[in-house]
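Read through the structure below, which is laid out as structure tokens, and then see the notes.
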Amino acid sequence: MDETSERTGAPARSRISPAALASVVVGGVLSLTWCVASIVMLVTGLSALPALGAGSLLLVPWLLLMQVAVRIERRRAVAVHGIGVNIPARRRSLRRGATGWLQDRWFELGTGGFWRGVLHHHLAMIVAGAFLLVALAMLWLGWSGWELAPLHGPVRIASLELSRWALAVLGTAALALCAVSLALGALADRGLARGLISGSEEEPRAGGGPRRTASGRGRRRRPGAARIERDLHDGVRPRLVNLAMTLGLARTAIRTDPDRAERLVGEAHAEAKAVMTDLRQLARGIHPAVLTDRGLDAALSALAARSRIPVDLDVSLLGPAHAGLDREREGVAYFVVAEALTNIAKHAEAEQVSVSVRQDPHAPRVRIEDDGRGGARVRRDGLSTGLAGLTDRVRATGGVLGISGPAGGGTVLEAVLPTGAPASDAAPLRPALSADLTAVPLPRPADGNGPRDQTLEVPR
């Protein structure tokens with residue numbers, strides 16, 4: 001099971017707007033129709049439960065309708081009042097199909113946010129109905145005053161006689177009170193949404209920190225930072241929560257049910273690999289700060305210094321006038337070396353690594369060679385995606401990634417990153433792999449529609 005939360009936000013709007021006034025009118029009409037029907041369904045279902053559970057025939061549809069109503073109320077709070085709504089975290093089923101959908105509905109019933117939403121839904125209709133009733137009474141009184149003033153002249157009520165001017169003033173005041181009543185209804189509706197729908201824009205953050213709205217954060221942050229935050233929140237955070245929950249269940253069951261605990265640990269292991277894949281894919285869009293601050297040579301030197309395996313680094317870049325290595329290709333070169341060193345440390349059992357970066361005006365070449373056990377292959381099975389990710393990254397620049405690594409013979413990985421149109425006498429754009437190795441192109445995808453992968457590999 002997974003646990004996710006969600007935040008919806010909208011630009012702040014006026015507290016009293018035409019949409020808010022119209023919402024009071026609609027809510028008042030619903031208070032006389034849907035609100036009555038909902039309360040009748042709930043009371044009847046609860047009273048019929050002792051009769052062999054017959055009340056569930058009404059309670060189950062009512063609960064499903066309430067889940068839809070709560071979602072509508074949250075969206076209405078955003079659209080009408082401009083209130084950012086933070087939907088509380090809730091568990092999600094890992095099952096698929098109808099079973100997973102039903103389990104999600106069941107999990108939602110156990111959250112306090114859902115029941116606060118149900119309370120808000122009914123209170124909002126009742127409050128809107130009360131203010132609409134007052135507004136209609138004032139509208140009738142004002143209309144009657146203005147109708148009686150010119151047509152019937154003075155009107156006597158008991159011992160009190162109202163002149164035409166008095167009727168006109170009374171009618172005007174009643175119409176003003178009608179508008180005031182609708183405005184107060186809109187403010188009350190906004191206050192209910194803020195108080196009962198969790199996480200409104202005025203809700204302070206945990207720990208007493210400053211109050212910030214979702215839309216405010218989006219305006220202050222750069223688009224790239226907002227995208228990264230969204231990707232981390234929507235893609236990685238749910239997986240990490242799921243991983244933590246699975247490990248917690250395994251720790252609870254390790255004494256009483258070792259078999260179940262072992263199965264849960266296996267699920268957590270697979271989930272951890274999936275999280276690493278998500279983070280690796282997310283990192284493709286991030287330019288390392290060390291490249292911006294210190295340049296490619298210094299960034300690669302830092303990678304080599306952190307490596308557990310001795311690295312012989314040779315970086316030969318052209319002068320600034322002929323550099324041709326833009327920000328994108330510089331980042332690709334850095335990630336190629338970083339991923340290669342990580343794979344070598346994990347899988348190659350190597351004792352020495354050689355890294356060289358050579359640049360000519362048309363195609364810088366990044367070459368990594370180790371003396372490990374070889375057998376490197378590009379896999380796209382979702383379990384080991386490091387080389388596949390590098391392939392896609394290099395290919396996105398128009399380059400080529402070459403891999404040669406027969407079992408027992410070490411591995412050579414070379415990336416060619418074109419920086420412009422090659423001259424007529426330039427060498428062909430391909431990795432300079434050893435002539436005694438048989439390099440073959442990867443096959444097309446199964447559907448036959450995707451582009452041919454430009455990575456070369458040597459079969460085991």
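- With S23 as the fixed residue, the side chain to side chain donor-acceptor pair (under 3.5 Å) test singles out one of R76, H81, R190: R76.
- You'll find the side chain of M138 stays beyond 4.5 Å of the side chain of S181, heavy atoms only.
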With side-chain contact (heavy atoms from CB on, under 4.5 Å) as the test, would you mind laying out the steps for L21 and V25 before giving the verdict? CA-CA 7 Å; L21 298 177; V25 176; over 6 Å; no

Verdict with reasoning, E108 to R71, per salt bridge (charged side-chain N to carboxylate O under 4.0 Å, His left out): CA-CA 12 Å; E108 187 173 354; R71 290 182 175 85; 2.9 Å; yes

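- Side-chain atoms of T33 come within 3.5 Å of backbone N or O of V29 as a donor-acceptor pair.
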side-chain contact (heavy atoms from CB on, under 4.5 Å) evaluation trace for T246 with E271: CA-CA 9 Å; T246 304; E271 188 68 15; over 6 Å; no

Listed pairs under 3.5 Å, donor-acceptor, residues 39-50 side chains, sequence neighbours left out:
residue : atom : partner : partner atom : Å
T44     : OG1  : V40     : O            : 2.7
S47     : OG   : V43     : O            : 3.0
S47     : OG   : T44     : O            : 2.9

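- In this structure, the side chains of R194 and H120 stay at 4.5 Å or more apart for every pair of heavy atoms.
- Smallest separation of non-hydrogen atoms from S31 and V36: O-CG2, 3.5 Å.
- L109 is listed as a side-chain neighbour of Q67, based on a closest heavy-atom distance under 4.5 Å.
- Expressed to the nearest 0.5 Å, how far CG of L413 lies from CD of E339 amounts to 10.0 Å.
- Interatomic distance, D104 CG to R95 CZ, rounded to the nearest 0.5 Å: 11.0 Å.
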Would you sort out whether C178 and L139 count as a side-chain contact (heavy atoms from CB on, under 4.5 Å), showing the intermediate values? CA-CA 6 Å; C178 174; L139 179 62; 3.9 Å; yes

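- With hydrogens and angles disregarded, no donor-acceptor distance shorter than 3.5 Å links the side chain of R263 to the backbone of D259.
- For the pair V118 and W62, the minimum side-chain heavy-atom distance is below 4.5 Å.
- Within the model, atoms OG of S307 and CD1 of I344 stand 7.5 Å from one another, a figure rounded to the nearest 0.5 Å.
- Counting all heavy atoms, side chain and backbone alike, L303 lies closest to R306 at CD2-NH2, 3.0 Å.
- We find the CZ-CG distance between F131 and L187 to be 8.5 Å, quoted to the nearest 0.5 Å.
- With rounding to the nearest 0.5 Å, the separation of NE2 in H121 from CD1 in I197 is 11.0 Å.
- Of all heavy-atom pairs between V394 and A415, the closest is CG2-CB, 4.2 Å.
- S301 places a side-chain N or O within donor-acceptor distance of the main-chain N or O of D297, the cut-off being under 3.5 Å.
- Using modelled atom types, one side-chain atom of S56 and one backbone atom of G53 make a donor-acceptor pair closer than 3.5 Å.
- Of all heavy-atom pairs spanning L296 and A333, the tightest one is CD2-CB, 4.3 Å.
- The distance from atom CZ of R260 to atom OG1 of T252, rounded to the nearest 0.5 Å, is 8.5 Å.
- The two residues A193 and A77 make their nearest non-hydrogen contact at CB-CB, 4.2 Å.
- A pairwise comparison of heavy atoms in V78 and I83 identifies CG2-O, 3.2 Å as the closest pair.
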Residues L175, W143; criterion side-chain contact (heavy atoms from CB on, under 4.5 Å); working and verdict: CA-CA 8 Å; L175 292 177; W143 181 272; 5.6 Å; no

